[in-house]
Structures are given as C-alpha cells and as structure tokens.
Peer 1: 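Sending over a structure as structure tokens; questions will come in a sec.
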Amino acid sequence: MLLSVNGLGLEFGSDEIFSNMTFNINPGERVALVGVNGAGKTSLLRILSGELEPSSGKVSKSGNLRVGYLPQQISEFPGGVLLEAVCAGSGDGAEALSREEELHAILEKEGSGDASILAELAKVQDKIHSTEAYNLESKAQAVLSGLGFSKEELKMDLSSFSGGWKMRAMLGAILLNNPDLILLDEPTNHLDLDARLWLEEFLRRFKGAAWIISHDPAFLDRVTNRVVEIEFGDMKTWGGNYSFYVKEKLVQAEYLQKQARKVEDEREKLERFVRKFKATESKRFQVRSREKMLEKLEAVATYRSPKRMIIRPPDVPRSGTKVLEMQNVSRAYDKTVFSEVNLEIHRGDRIGIVGRNGGGKSTLSRLFAGIEDPTGGKVIKGTGVKIGYYSQEIDLQLNEKNTVLQHVHNISPARSEREIRSYLGRYLFTGDDVMKPISVLSGGETSRLALAGILIKPTNFLILDEPTNHLDIFSRDVLQEALSNYTGTLVLISHDERLLSALAETLFVVKDGRIKAFAGNFSEYVEKLRVLADQQFKKPDEKTNQESGREAEKERKRKEAAERNKAYKERRKKEKRIERIEKKMQPYETRRKEIESLFARPEVINNSQLLVELQKEHSYLSDEITDLEEQWMEIAGED
C-alpha cells in the first residue's frame, strides 16, 4: 500500500464538497477519477499531493513515498535551459545527485572519512539508485523527445516556450523523477496526438500507481484499469476502464430511477393514509405506525445527470463545387512553416488535419479562413462560400469587455434579446449568466460561447481548430453528434481521437514543412503512431529481433492495405456524401407530400391566402429537392 485515506472531508465555507472518504492506493492501479464539474476531483488530487489541507480526515503515506503531481495550470517552474531545468526539476534524484557532489567535496577537503558524512553519502547513493538518477540526462532526453521536443529545443531557454510547452516540460520532470504515485489533472490538454500516444505507452508500462482526471475517453480507456467516481459528496469505485464504467453506470442509473419511483410511490401511499385517517380515533395506531414508516423511508439518490448543450447544425447555403484551392502556397514568420502547398477542398469534404503541435496546423486553418495571407502563392475561395471559423486561441476571437449576450447580439443583430437568450440557453447560459463579462468566463464557458457565435449564422464551410480542448466529455459528445449531422464542408484540427474517428473522411498530415494526404483512415494513422511510440520504449536488441523477421512482410501488407484503403476511402466518402444529401432531402419530400394532400381539402381550396402560402412553400421545396437531386446525380456519377 502506497497511501491510505481515512474519513476524508472537504468544505469551502458552508459548502460541503465531499465527506467521510476512506480508501487505499496500491501499486499498479491506474485510476480514472470522474465526476461532474464541481464534484471535487481536482481538490482531491491536490489533497493527495499535499498541496491542499482537508477539512477532516487523514492521509497517511508510506515511508519515502515519491508523489508527482501535474496540475491543470502551471504555477512555477525553474528557468534556464530546457534539459537542465527538467533535470533539476525532477525532484529527489536531482537533489540526491547534487548532494552527492557536495559530500564528495567535503570528504576530499577533510582528507578523511567522517562517519556521519559517510553514512549520509550511503543514504544519498541509495536514493540515486532508487530513482535511477545516474543516467538522468539521457533519460531526460528520451522523455522530452517522447513529449515532442526536438534535439535543438533541448538547448533552448525555457522562457522561449509557450505555456503549453512549459506544461509538457513540467510533465517530463515529473515522469523523470520515477515517482511511486502520479497524479495527473488533464494531462492531454496540451499534448498533440504523437505525445499523447507516447504518454499512453509510458503509463501502461508504469509500475507505480496513477490517478488521472481527463476529458479524453480514448486516453482513459487505454491507460486506466479502475474508475473512481465522486458523486453526491461520496466516492464509488468501478472495476474496468472508462467505457465499462459508462455502460455499468447507465444500468445502475436505470435501477436507481426504478427504486426512487418505488420509494416515492410508497411515500405517497403512506402520506395519503395519514392524511385520510389522522383525525379518526379508531385508526390512531395504524396512523402512528405509518408515520414511523415515513420517518424511516429514505430517498434514493439517483444519477446526477449533467446539463448538456443542445447544438443544432447551422443552415447550409449552397456553395460552388470547389470550396477552396491552394496554389503553391508558402507561409513564413521568422522561419518557413510550410511551402509549395497545393490542395483542393470540395463541397461536402470532411477533412481531418493532424501533426505535431508547432508544425503549422493552426497556421493552415488561418489561411483557409482568410485570417492570414500566404507569404507566397494563392489561396482561392470558391463561389458562395460562407466560413465559420473556431480558433484554438479563443481569446483572440472574443472581446473580453462584452457580455455573453452582447457577443451573440453583435454577430446576429436582427434577433431580439428574447431570441438570443433562448438560443444561449441551448449552450447552458441561462438567467443572469448572459450578462457575465467574457473576461470572467471559465475555459469551458468560453468554448461554448465561441461555438454559439459561430453556429448561429448560415455556414457552408466550418473550420474548427481544437474545438474540444476545454469541453467536458458530455459537451464533446453533443458537439460530435451535431457535426455528424452537418451537411456542409468540414475541416477539423483536433487531437480528440473519438471526434476524428467519427468525422474525418480524408486526412491531411502536416509534417516537416509539407502537407500530405494520408493513405488510410484515422484509426490506421493512430495505429502507425502507436507502433512508433511503442518502439521508443524497447531496447535496441529487442527492436532488432522483433523487426528483422517481420519488416518485409509488414511492408508487403502495408502496400496492399494502402491500395485497399484508398479504394475503400473513396467509396465511403462518396457514400457518406450521398447519405447526407438523402438525409437532408427526406424532410423536404415529406413536407411536400403533406402540402400536396392539403391541396385537395375544401378548407384549403376556399382559403385563397392559405392556398397561396402553400403554393409558395411547395415551389420552394421542389426547387430544393431538385437541387439536392442534381447534387446526388453529380456525386453518383463521379469516378
């Protein structure tokens, strides 16, 4: 046992967050810590790390327990050169190495072995061995490489990196310390797909314990073997990974709902008897009996269903067949980001863009949206294209001085305040929330507001750069469902595996200043990266033995798979475009048939105003259906 918790409670003022929690943490367990926002997940990790004092209860740690804690937001990190700072910030191992040098200097100066100095040196060297600190620098290079830092960046000053990259460096220092217990609060927020897969492999091989808060279900599924949920101030434990927990939770929720209804039915029955016979002397003992039963009847705590957004895809006006074209495009700042880019995006395409952070994905999205101009070449927007753009840097899209209501009103001034309030309610802004200044919104609230502003307008070309970064799991699911029903052209930059797997039909990879289409689907791309991540943890002789006999066979299979995938991808892409058109056409055809049946009714024939309105609607629907049928024929006839 690494850590024991007994009777743990936490209060903030008069608010009780949780109470009387008792549990143990053992080596080898990798826990997904879940619960609705405000349940106390982050607070619990802070208590376990020693950063926050509980209101009640006790946390007992085994002797010399090493705990590594990664918060959501960075507070302090040592300055200096990246590699040196990470080594220095790695904790016990780095401190032991430093102390060893000091003790050796003392022994050399004194010329004799003082017993107390020698005893301390022995303890320090034990610490160095237990933390594997003698090869600290080479380990640091491997960890930082896995997290996405290049060899050149290892020599750069930490102050030159963004907050997200500093968080990676902090994560590297924590992993380098070889802790017994790792506490990670949203560790994937600042990681691209490559780095996330590397972290997955690290945690899967990790011998200690890990408690993880994350809004990434795919990540949790791969690295955790238990789920701990905080609900109603109490803790529940579930065996298995996150997907298993979700299924079991639904079963339990249904059971609790049934139990709650039974209890309420019984309560109502008992109360009805008491009310009816309370004044009847002959029923005095039965009434008292039922009153005691009511006192003992406890309400059943049912599943606390989180509030969910209601996102409806925007109207999609018709655009030209070619939505966007890049001709020999290059973009440079202090250095060239990419060059000689030639690509086309067509109506109905659903494109995922992947690659390492800093490689140029966001730059590409800004060029698509017309926010930036290329350094060289041309970006040509198609006829009738109306763009909706979500930036990863949300703050740059929003005026912090405006309120939530003002932001949406400025985008859609023709709508009344009542209409805007109703619309914002679908994005979980209700009552006085709409009068909040944007400057005080949380990350999740800011993301929801940005989406609300984009999706309120008719849009046929959506460009979304990391739209799920600050959204909880439930909001991600709602967004995914809305985008799956969107009939326009979609470009999606994301490290959200579930989102890209569900929506991306074509994949562009941004790497080494080039943008190339990937011959396969997103799942195959992830598997390719996972193999590379796995290779980083294998010893050289292990790699050689495993690869030598399989490489030729793998290459043959890769080529065959690439051909099959290319044909399958083109076929599925066409099928999905046709499905979206048929889905859009269905309500038009249904309504047209309804109108045609109304034309035969006397009450319609005798109402000239209604008849004219229905004829106009029928004509509009017929035009739309004809337009969609032409699109259907155009796609069906493509090679």
Side-chain angles (χ1 to χ4, degrees), residues 3 5-25 29-57 59 69-73 182-189 210-217 219-221 224 226-253 256-257 260 299-309 428 430 433 441-445 447-448 468-478:
L3 185 146
V5 174
N6 187 34
L8 196 69
L10 180 66
E11 297 174 359
F12 290 134
S14 59
D15 294 331
E16 182 181 82
I17 308 303
F18 49 74
S19 64
N20 201 31
M21 285 186 177
T22 298
F23 59 93
N24 297 325
I25 297 179
E29 65 179 34
R30 299 190 299 275
V31 171
L33 183 59
V34 303
V36 298
N37 288 344
K41 302 185 297 293
T42 292
S43 297
L44 180 57
L45 288 197
R46 290 180 64 203
I47 290 172
L48 296 179
S49 72
E51 188 178 285
L52 178 67
E53 282 293 321
S55 304
S56 59
V59 177
Y69 171 52
L70 181 75
Q72 279 195 48
Q73 299 295 330
I182 296 178
L183 308 170
L184 303 176
D185 195 348
E186 297 292 354
T188 63
N189 269 4
W211 279 49
I212 303 163
I213 300 171
S214 177
H215 287 147
D216 189 334
F219 176 74
L220 291 177
D221 270 346
T224 60
R226 279 179 62 210
V227 174
V228 169
E229 179 187 39
I230 302 177
E231 186 178 37
F232 301 119
D234 196 9
M235 176 181 282
K236 298 175 185 175
T237 301
W238 309 71
N241 63 14
Y242 181 79
S243 290
F244 176 80
Y245 151 77
V246 171
K247 291 176 184 175
E248 289 297 303
K249 182 71 176 178
L250 288 174
V251 172
Q252 188 191 77
L256 290 175
Q257 289 285 1
V300 176
T302 55
Y303 174 48
R304 186 190 296 177
S305 181
K307 293 182 179 178
R308 295 173 184 254
M309 292 189 292
L428 308 186
T430 58
D433 290 344
L441 298 182
S442 67
E445 288 173 325
S447 292
R448 297 200 309 268
T468 62
N469 261 7
H470 300 284
L471 297 180
D472 59 31
I473 289 175
F474 311 105
S475 297
R476 290 179 181 213
D477 289 343
V478 171

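Nothing here was measured: the structure is a model prediction, and the numbers come from that model.
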Peer 1: What pairs with Glu445 under side-chain hydrogen bond (donor to acceptor under 3.5 Å, both in side chains), at least two apart in sequence or on another chain?
Peer 2: Lys436, Ser442
Peer 1: Checking Ser214 now: which residues fulfil side-chain contact (heavy atoms from CB on, under 4.5 Å) with it, not counting sequence neighbours?
Peer 2: Glu186, Thr188, Ile212, Asp216, Phe219, Leu220
Peer 1: Indicate yes or no: at least one non-hydrogen side-chain atom of Met235 is less than 4.5 angstrom from one of Phe18.
Peer 2: no
Peer 1: Report the residues that fulfil side-chain contact (heavy atoms from CB on, under 4.5 Å) with Val5, sequence neighbours left out, ordered by chain and then residue number.
Peer 2: Leu3, Leu8, Phe23, Leu48, Val59
Peer 1: In the structure I gave you, are the side-chain heavy atoms of Leu33 and Glu229 within less than 4.5 Å of one another anywhere?
Peer 2: no
Peer 1: Please report the shortest heavy-atom distance between Ile230 and Ala39, naming the atom on each side.
Peer 2: CG2-O, 3.3 Å
Peer 1: Work out which heavy atom in Pro187 is nearest to a heavy atom in Ile213; give both atom names and the distance.
Peer 2: CD-O, 3.4 Å
Peer 1: Is there a donor-acceptor pair under 3.5 Å between the side chain of Ser49 and the backbone N or O of Arg46?
Peer 2: yes
Peer 1: Under the rule for ring pair (Phe, Tyr, Trp, His ring centres under 6.0 Å), what residues qualify as partners of Tyr242, not counting sequence neighbours?
Peer 2: Tyr245
Peer 1: List the residues meeting side-chain hydrogen bond (donor to acceptor under 3.5 Å, both in side chains) with Asp477, not counting sequence neighbours, and say none if there are none.
Peer 2: Arg498
Peer 1: Will you find, in the side chains of Thr224 and Asn241, an N or O donor that is under 3.5 Å from an N or O acceptor?
Peer 2: no
Peer 1: Evaluate the criterion side chain to side chain contact (heavy atoms under 4.5 Å, CB included) for residue pair Ser55 and Phe12; output intermediate values, then yes/no.
Peer 2: CA-CA 9 Å; Ser55 304; Phe12 290 134; over 6 Å; no
Peer 1: Sequence neighbours left out, what passes side-chain contact (heavy atoms from CB on, under 4.5 Å) with Gln252? Give chain and number order.
Peer 2: Lys236, Trp238, Lys249, Leu256
Peer 1: Of all heavy-atom pairs between Lys41 and Gly35, which one has the smallest distance, and what is that distance?
Peer 2: NZ-O, 2.9 Å
Peer 1: Which residues pass the side-chain hydrogen bond (donor to acceptor under 3.5 Å, both in side chains) test with Thr42, not counting sequence neighbours?
Peer 2: Asp185
Peer 1: Going by the rule side-chain contact (heavy atoms from CB on, under 4.5 Å), which residues pair with Arg30 if we only count those two or more places apart in sequence or in a different chain?
Peer 2: Ala210, Asn225
Peer 1: Going through the distances and angles, do Leu52 and Leu10 end up as a side chain to side chain contact (heavy atoms under 4.5 Å, CB included)?
Peer 2: CA-CA 10 Å; Leu52 178 67; Leu10 180 66; 4.2 Å; yes
Peer 1: Give a yes or no answer on whether the side chain of Ser19 reaches the backbone of Gly9 with a donor-acceptor pair at less than 3.5 Å.
Peer 2: no
Peer 1: Mind checking side-chain hydrogen bond (donor to acceptor under 3.5 Å, both in side chains) for Ser475 and listing every partner two or more places apart, or none if nothing turns up?
Peer 2: Asp472
Peer 1: How close do Asp433 and Leu428 get, heavy atom to heavy atom, and via which atoms?
Peer 2: OD2-O, 3.9 Å
Peer 1: How many angstroms lie between atom CD of Glu16 and atom CZ of Phe232, to the nearest 0.5 angstrom?
Peer 2: 13.5 Å
Peer 1: If you apply the rule side chain to side chain contact (heavy atoms under 4.5 Å, CB included), what do you find for Met21 with Asn6, and how did you get there?
Peer 2: CA-CA 6 Å; Met21 285 186 177; Asn6 187 34; over 6 Å; no
Peer 1: May I ask you to test the Leu45-Trp211 pair for a side-chain heavy-atom distance under 4.5 Å?
Peer 2: yes
Peer 1: Within a strict 4.5 Å, meaning less than it, do heavy atoms of the Arg226 and Thr237 side chains meet?
Peer 2: yes
Peer 1: Within the side chain of Arg476, is there an N or O that forms a donor-acceptor pair under 3.5 Å with the backbone of His215?
Peer 2: yes
Peer 1: The criterion is ring pair (Phe, Tyr, Trp, His ring centres under 6.0 Å); which residues satisfy it with Phe244, sequence neighbours excluded?
Peer 2: none
Peer 1: What is the distance from atom CG of Asp221 to atom OG of Ser243, rounded to the nearest 0.5 Å?
Peer 2: 3.0 Å
